[in-house]
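So the structure is just underneath, and the comments pick up after that.
To find a chain, count down the sequence lines: A is the first, B the second, and so on, and within it residues start at 1.
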2 protein chains.
Amino acid sequence: MNIYDIANRANVSIATVSRVINNSPKVSEKTRKKVLDIVDELGFTPNVFARGLGLNTMKTIGILCSDPSDIYVARALSYFEKMLRENGYDSLLCCSGYDTKNLKKYINILISKSVDAVIMIGSKYISSRDNKSLIRNTAKSLPILLINGFLNGENIYCSYYDDFNASKKCVNMLYDTGKRNLLFLYNSTSQSAKRKLDGFIKGCKESANLGNNFAALLCEENNIESILISLKQFTKENFIPDGIIAGDDFLAMIALKFAKQNSISVPENLAIIGYDNSIFSKVSYPELTTVDSKLFELCSHSVKTLLEVFDGQLPKKITILEPAVIERDTFKSKT
Amino acid sequence: MNIYDIANRANVSIATVSRVINNSPKVSEKTRKKVLDIVDELGFTPNVFARGLGLNTMKTIGILCSDPSDIYVARALSYFEKMLRENGYDSLLCCSGYDTKNLKKYINILISKSVDAVIMIGSKYISSRDNKSLIRNTAKSLPILLINGFLNGENIYCSYYDDFNASKKCVNMLYDTGKRNLLFLYNSTSQSAKRKLDGFIKGCKESANLGNNFAALLCEENNIESILISLKQFTKENFIPDGIIAGDDFLAMIALKFAKQNSISVPENLAIIGYDNSIFSKVSYPELTTVDSKLFELCSHSVKTLLEVFDGQLPKKITILEPAVIERDTFKSKT
DNA sequence: CTGTTAGCGCTTTCAC
DNA sequence: GTGAAAGCGCTAACAG
């Protein structure tokens with residue numbers, strides 16, 4: 001069934017049918033109704049390929065992410081799909097895994113599907129010089145949205161939260177409750193992780209004046225066992241922290257596990273602060289104190305920006321949100 | 001830039017270019033190379049709409065799920081996207097939320113995008129009579145894959161794991177270690193949840209002969225606070241369980257939290273068994289004993305089936321996998 | 001092995 | 001307010 005069948009049945013031309021389908025104002029109410037009735041009766045849906053061929057758009061957004069089974073990515077995905085659909089856009093999922101080398105391959109896939117824009121979740125992709133110029137280049141043909149990452153360039157829109165400040169703030173809060181041996185636990189070298197690390201170091205060096213009693217532990221192998229081993233080894237070889245800031249709630253959970261396994265009382269002898277205010281932080285016992293990274297706000301702001309771009313407006317290219325510390329059980333600023 | 005430009009530059013016809021692009025064997029190596037060189041040089045990508053218009057396929061699979069921020073869905077999604085992409089298919093994401101009433105709307109969206117098949121994650125959709133006939137009807141025009149759900153019908157392929165037996169087995173295992181007051185905790189009335197419940201009841205009634213010392217608690221509001229309150233109220237009004245089987249690891253985590261809050265020792269005074277062998281089960285302390293629901297196997301089997309269908313074969317329509325209990329800390333069959 | 005050509009279904013000028 | 005017709009870029013049947 002196609003537009004011709006409808007036209008025949010309604011005794012109008014295909015042009016008229018097309019106009020009705022696309023809500024063109026220059027159709028009389030009478031013909032509009034006549035056509036619409038037949039469309040409903042036959043359950044006609046216009047062929048997207050034919051339409052796409054003419055308009056060269058499929059109302060589809062490509063979403064590029066590492067892995068949707070990551071709890072942070074999953075949440076972003078959930079928000080995006082919902083908000084995009086509400087605005088008439090489909091989501092084409094493209095998962096690159098954790099290796100950022102083959103960004104080009106995945107961008108090509110999305111381009112070849114003629115998506116209307118690309119949303120990149122996570123700051124991993126902006127790592128290398130090559131990737132940066134690749135992204136800038138891609139942005140020449142379609143808008144690119146960076147979630148939690150920053151890259152300046154034409155047609156590139158970034159939004160992230162100020163994790164540098166968040167980390168610094170956490171250090172100060174820990175210091176204020178008497179913690180003097182701080183550890184930053186992280187498992188990624190993404191832009192965002194670096195900002196957190198920098199904020200941590202800055203806080204330790206300047207505000208808190210901790211001397212050498214702070215360190216950062218990078219867990220290269222991202223599985224629970226290895227991370228626990230790393231922690232054990234670190235505390236043996238260096239110092240035993242009384243405060244841990246973890247790059248995300250998953251790591252914070254492992255820090256908590258470490259504490260329990262070694263009968264360290266939390267938060268009395270070890271305070272733990274996670275990142276992301278994820279389900280982990282609420283399901284655990286004691287519950288995690290965590291930095292709310294404002295993911296929902298980030299996503300909804302990005303969709304708003306995207307719609308403005310499609311609408312021909314020129315929205316702000318960079319948006320930075322202020323995170324907030326959610327105090328629960330693993331650290332309390334007032335004791 | 002299109003196929004004509006390439007044809008011009010290569011001094012061949014568009015048909016030849018098309019053949020080269022599609023790896024047709026009937027092109028001489030010489031012309032193939034000539035064309036390919038120009039394609040590379042100009043960075044030409046064939047227009048998917050035009051191709052779709054002719055072939056009426058976009059090599060895209062629609063994935064219908066409730067919400068990718070659900071940990072189980074997220075994992076399935078991750079597996080599917082990867083395996084489908086490896087076989088040249090894109091994934092169009094379509095999230096319906098937890099209300100199964102408007103299945104029709106979402107199926108229409110996918111159909112209107114001319115996906116080549118629909119994968120439905122979760123058994124929620126097969127609830128009502130309307131939905132069943134809707135699915136059967138949709139299957140007339142494209143193959144439908146049900147993950148963890150069952151519905152017989154032409155062109156419908158189901159795979160799920162035997163959660164009836166799994167629950168029954170769990171009951172027996174609990175009984176064997178002396179547990180006599182069993183609670184089944186669940187938050188969904190999906191097919192899968194019902195199978196688990198039925199297995200639980202069957203196990204309690206027949207194998208274990210527990211008398212009336214078993215119960216099932218349905219938590220309608222799926223948030224941690226409400227579930228904790230439900231648990232508290234249940235134990236006050238009924239009996240205090242010494243064994244809990246939870247419909248998924250999330251619920252098991254909450255059961256664990258309940259135990260800790262009330263200083264009930266796990267597994268000595270309360271054994272807990274979750275479902276899905278998710279990240280929750282490994283991140284918690286003590287670690288959760290859980291039923292491995294074989295999600296990866298389910299997904300990879302489904303993709304294999306799908307490819308066979310596309311290939312014109314007639315694969316088995318129903319596949320049932322045998323789950324396994326992963327013993328960790330919250331329950332041990334040998335003490 | 002290669003070229004010609006007729007669609008695929010829709011949008012959009014341009015006439016009327 | 002409506003219709004006729006020219007594409008949009010590609011595939012595949014057919015002819016050579």
Just N and O in the side chain of [X]: are any of them under 4.0 Å from OP1 or OP2 of [N]?
X      : N       : answer
S18(B) : dA12(D) : no
S28(A) : dT2(D)  : yes
N22(B) : dT11(D) : yes
S13(A) : dA4(D)  : no
N47(B) : dG9(D)  : no

Q: Not counting sequence neighbours, list each pair that qualifies as a side-chain hydrogen bond (donor to acceptor under 3.5 Å, both in side chains) and has a residue in residues 45-55 of chain B.
A: N22(B)-R51(B)
Heavy atoms only, 4.0 Å cut-off, all strands: where does [X] land among base, sugar-phosphate and nothing?
X      : value
F49(A) : nothing
I14(A) : base
T16(A) : sugar-phosphate
V12(A) : sugar-phosphate

Q. Ignoring hydrogens and angles, does a donor from either the side chain of R32(A) or the base of dG1(D) sit under 3.5 Å from an acceptor on the other?
A. no
Q. Counting only distance, no hydrogens or angles, is the base of dC10(D) paired donor-acceptor with the side chain of Y4(B) under 3.5 Å?
A. yes
From the set [options], return the single nucleotide nearest to any side-chain atom of [X].
X      : options                  : answer
F44(A) : dC10(C), dG3(D), dT11(C) : dC10(C)
A15(B) : dG9(D), dC10(D), dG3(C)  : dG3(C)
T31(B) : dC10(D), dT2(C), dG9(C)  : dT2(C)
N2(B)  : dC10(C), dT2(C), dC10(D) : dC10(D)

Q. Can a salt bridge be assigned to the pair R85(B) and E81(B) using a cut-off of 4.0 Å between side-chain N and carboxylate O?
A. yes
Q. Hey, is D5(B) close enough to R9(B) for a salt bridge, meaning N to O under 4.0 Å?
A. no
Could you tell me how far apart [X] ([atom1]) and [N] ([atom2]) are, to the nearest whole angstrom?
X      : N       : atom1 : atom2 : value
M58(A) : dG9(D)  : CE    : P     : 16 Å
R51(A) : dC8(C)  : CZ    : C1'   : 16 Å
R19(B) : dA12(D) : CZ    : C1'   : 9 Å
L53(A) : dG9(C)  : CG    : P     : 12 Å
K34(A) : dT2(D)  : NZ    : P     : 8 Å
I3(A)  : dC8(D)  : CD1   : C1'   : 15 Å
D5(A)  : dC8(C)  : CG    : P     : 11 Å
N11(B) : dT4(C)  : CG    : P     : 12 Å

Q. Between S159(B) and S302(B), does a side chain to side chain donor-acceptor pair (under 3.5 Å) hold up when you go through it step by step?
A. CA-CA 7 Å; S159(B) 50; S302(B) 299; 3.1 Å; yes
**Q.** Rounded distance [0.5 Å steps], NZ in K132(B) versus CD1 in I156(B)
**A.** 11.0 Å
Q: List in chain and number order the residues that pass salt bridge (Lys or Arg N to Asp or Glu O under 4.0 Å) with D130(B), two or more places apart in sequence or in another chain; answer none if no residue qualifies.
A: none
Q) For L55(B) and K26(A), take the nucleotide of DNA chain D holding the closest heavy atom to each; which residue's nucleotide lies nearer the 5' end? A) K26(A)
